[in-house]
Amino acid sequence: MKIGIIGAGNIGGNLTRRLTALGHDVSVANSRGPHTLTALADETGAKPVTVAEAANGAQVVVVTVPLKAVPDLPAGFLDGAADGVAVIDTGNYYPQQRDGRIAEIEEGLTESRWTERQIGHPVIKAFNGTYAQDILDKPLPQGAPGRVALPVSGDDEAAKKVVRDLIDELGFDTVDNGGQDDSWRQQPGTPVYGHTGGVDEIRAALDAASPERTAEWRA
């Protein structure tokens with residue numbers, strides 16, 4: 001597939017490494033410009049592009065930037081994407097550590113629903129509670145003992161299937177966490193956040209989540 005990755009930090013960089021290794025056509029962008037991505041491009045074969053170009057022709061776009069930076073993404077950056085593009089949101093709200101106060105999230109809007117409103121497109125929430133190094137170190141074949149499962153949320157079932165199939169190709173099982181109104185179950189501070197269990201453990205962790213944000217995760 002043609003995949004655009006916006007954000008070349010720990011998650012974005014390691015997804016670039018794995019997805020190119022699997023043979024996908026990957027374009028990668030960051031806020032500082034393509035000239036800062038030369039090393040990653042040389043390592044992986046990914047094409048360094050501007051943020052405005054990253055989604056052009058892409059069947060999957062990964063948005064993996066700090067939440068506070070989402071409103072700064074170029075207007076219409078998804079306009080050139082393929083029809084039915086699946087947009088993956090890996091973001092988390094870190095009000096005390098990084099993002100400052102975002103009123104709508106503080107008032108109960110889920111993080112990914114907020115992101116959808118900023119970019120004007122549905123998203124699939126995935127990889128937000130995944131350790132970046134696990135993307136490189138923990139892939140296993142289907143059915144292998146100890147295969148890690150990742151929770152996935154989203155309202156667009158067709159896009160969700162594309163994302164779940166891609167995660168399976170990357171070497172992980174998935175657990176459907178429902179739509180974006182239920183995506184609070186995989187936000188920071190919940191039992192599933194950072195969990196590296198299998199399908200049954202991840203489902204149990206999602207079921208054990210509370211919608212009440214703890215003090216550590218409020219502004």
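All values derive from a computational prediction rather than experimental measurement.
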Q: With a 4.0 Å cut-off, would you call Lys160 and Asp155 a salt bridge?
A: no
Q: Please check if Val61 and Phe127 belong to a single hydrophobic cluster, counting links between Ile, Leu, Val, Met, Phe, Trp and Tyr side chain heavy atoms closer than 4.5 Å.
A: no
Q: Look only at the side chain of Glu216 and the backbone of Gly189, and say whether a donor-acceptor pair between them is shorter than 3.5 Å.
A: no
Q: Any idea which heavy atoms bring Thr64 and Gly12 closest together, and the distance?
A: CG2-CA, 3.7 Å
Q: Looking only at side chains, do Asn128 and Thr90 share a donor and an acceptor under 3.5 Å apart?
A: no
Q: May I ask you to test the Ile119-Phe77 pair for a side-chain heavy-atom distance under 4.5 Å?
A: yes
Q: Step by step, work out the side-chain hydrogen bond (donor to acceptor under 3.5 Å, both in side chains) result for Asn177 and Ser183.
A: CA-CA 7 Å; Asn177 185 41; Ser183 63; over 6 Å; no
Q: Determine the minimum heavy-atom distance between Ser153 and Gly179, stating which atoms define it.
A: CB-O, 4.1 Å
Q: So do the side chains of His195 and Ile202 get within less than 4.5 Å of each other, counting heavy atoms only?
A: yes
Q: Before you tell me yes or no, could you show the steps for Ile5 and Ile3 under side chain to side chain contact (heavy atoms under 4.5 Å, CB included), namely the whole-Å CA-CA distance, both residues' side-chain angles and the distance that decides it to 0.1 Å?
A: CA-CA 7 Å; Ile5 298 179; Ile3 299 174; 4.1 Å; yes
Q: Does the side chain of Val70 reach to within under 4.5 Å of the side chain of Val65, using non-hydrogen atoms?
A: yes
Q: I need the Arg164 CZ to Thr174 OG1 distance, nearest 0.5 Å.
A: 3.5 Å
Q: Do Leu170 and Leu19 come within less than 4.5 Å of each other through their side chains, counting heavy atoms only?
A: yes
Q: What pairs of residues pass the ring pair (Phe, Tyr, Trp, His ring centres under 6.0 Å) test when at least one of them lies in residues 196-219, not counting sequence neighbours?
A: Tyr94-Trp217
Q: Do the non-hydrogen side-chain atoms of Val162 and Val60 ever get within less than 4.5 Å of each other?
A: yes
Q: With hydrophobic residues grouped by side-chain heavy-atom distances under 4.5 Å, do Trp114 and Val87 end up in a single group?
A: yes
Q: For residues Val26 and Leu15: do they belong to one hydrophobic cluster (side chain heavy atoms under 4.5 Å, members Ile, Leu, Val, Met, Phe, Trp, Tyr)?
A: yes
Q: When you compare the side chain of Val51 with that of Ser31, does any pair of heavy atoms fall below 4.5 Å?
A: no
Q: Any ion pair linking Asp207 and Arg203 (charged N to carboxylate O, less than 4.0 Å)?
A: yes
Q: Under a 4.0 Å N-O cut-off, is there an ion pair linking Asp182 with Arg113?
A: no
Q: Taking the side chain from Arg185 and the backbone from Leu206, do they hold a donor-acceptor pair closer than 3.5 Å?
A: yes
Q: Answer yes if Leu150 and Ile11 sit in the same cluster of Ile, Leu, Val, Met, Phe, Trp and Tyr residues linked by side chain heavy atoms under 4.5 Å apart, and no otherwise.
A: yes
Q: Looking at every non-hydrogen atom in both residues, tell me the closest pair between Ala41 and Pro48 and how far apart they are.
A: CB-CD, 3.7 Å
Q: Short question: side chain of Glu116, backbone of Val123 - any donor-acceptor pair under 3.5 Å?
A: yes
Q: In terms of heavy-atom contacts, does NZ of Lys47 have more than 12 from other residues, nucleotides or ligands at under 6.0 Å?
A: no
Q: Decide whether Thr115 and Gln118 meet the rule of one side-chain donor and one side-chain acceptor closer than 3.5 Å.
A: no
Q: Verify the cluster assignment for Tyr193 and Val175: are they in a single hydrophobic cluster under the rule of side-chain heavy atoms below 4.5 Å apart?
A: no
Q: Give me the atom names and distance for the closest heavy-atom approach of Asp173 to Ile167.
A: O-CG2, 4.1 Å
Q: Tell me, do Val148 and Leu140 make a side-chain contact under 4.5 Å, heavy atoms counted?
A: no
Q: Would you mind telling me which of Glu111, Glu106, Gln187 makes a side-chain hydrogen bond (donor to acceptor under 3.5 Å, both in side chains) with Tyr93?
A: Glu106
Q: Does Arg17 use its side chain to pair, donor to acceptor, with the backbone of Gly13 at less than 3.5 Å?
A: yes
Q: Taking atom CG of Asp79 and atom NE2 of His121, what is their separation to the nearest 0.5 Å?
A: 9.5 Å
Q: Flag the pair Ile6 / Val62 as yes when at least one side-chain heavy-atom distance between them is below 4.5 Å, and no otherwise.
A: no
Q: Can you tell me how far CD of Gln186 sits from OG1 of Thr110, rounded to the nearest 0.5 angstrom?
A: 9.5 Å
Q: With a 3.5 Å cut-off and no angle check, do the side chains of Thr36 and Asn30 form a donor-acceptor pair?
A: yes
Q: Are there over 12 heavy-atom neighbours, none belonging to Asp200, within less than 6.0 Å of that residue's CG?
A: no
Q: Determine the minimum heavy-atom distance between Gly154 and Gln180, stating which atoms define it.
A: CA-NE2, 3.8 Å
Q: Atom CG in Leu166, atom CG in Asp168: separation rounded to 0.5 Å?
A: 9.5 Å
Q: For residues Ala149 and Val199, report the shortest heavy-atom separation together with the two atoms involved.
A: CB-N, 3.6 Å
Q: Closer than 4.0 angstrom, basic N to acidic O: yes or no for Arg147 and Glu201?
A: no
Q: Looking at Ile135, is its backbone amide N or carbonyl O close enough to the side chain of Arg18 to form a donor-acceptor pair, meaning the two atoms are under 3.5 Å apart?
A: yes
Q: Answer yes or no: are there more than 12 heavy-atom neighbours, outside Asn10 itself, under 6.0 Å from its atom CG?
A: no
Q: Which distance, rounded to the nearest 0.5 Å, do you find between the CD of Glu104 and the CZ of Arg117?
A: 7.5 Å
Q: Is there a donor-acceptor pair under 3.5 Å between the side chain of Lys125 and the backbone N or O of Gly91?
A: yes
Q: Count the heavy atoms belonging to other residues, nucleotides or ligands that lie under 6.0 Å from CD of Glu157, then report whether that count exceeds 12.
A: yes
Q: I'd like to know if the side chain of Gln59 and the backbone of Lys2 have a donor-acceptor N/O pair within less than 3.5 Å.
A: yes
Q: Quick one: does Asn14's side chain have a donor or acceptor within less than 3.5 Å of a partner on Ala132's backbone?
A: yes
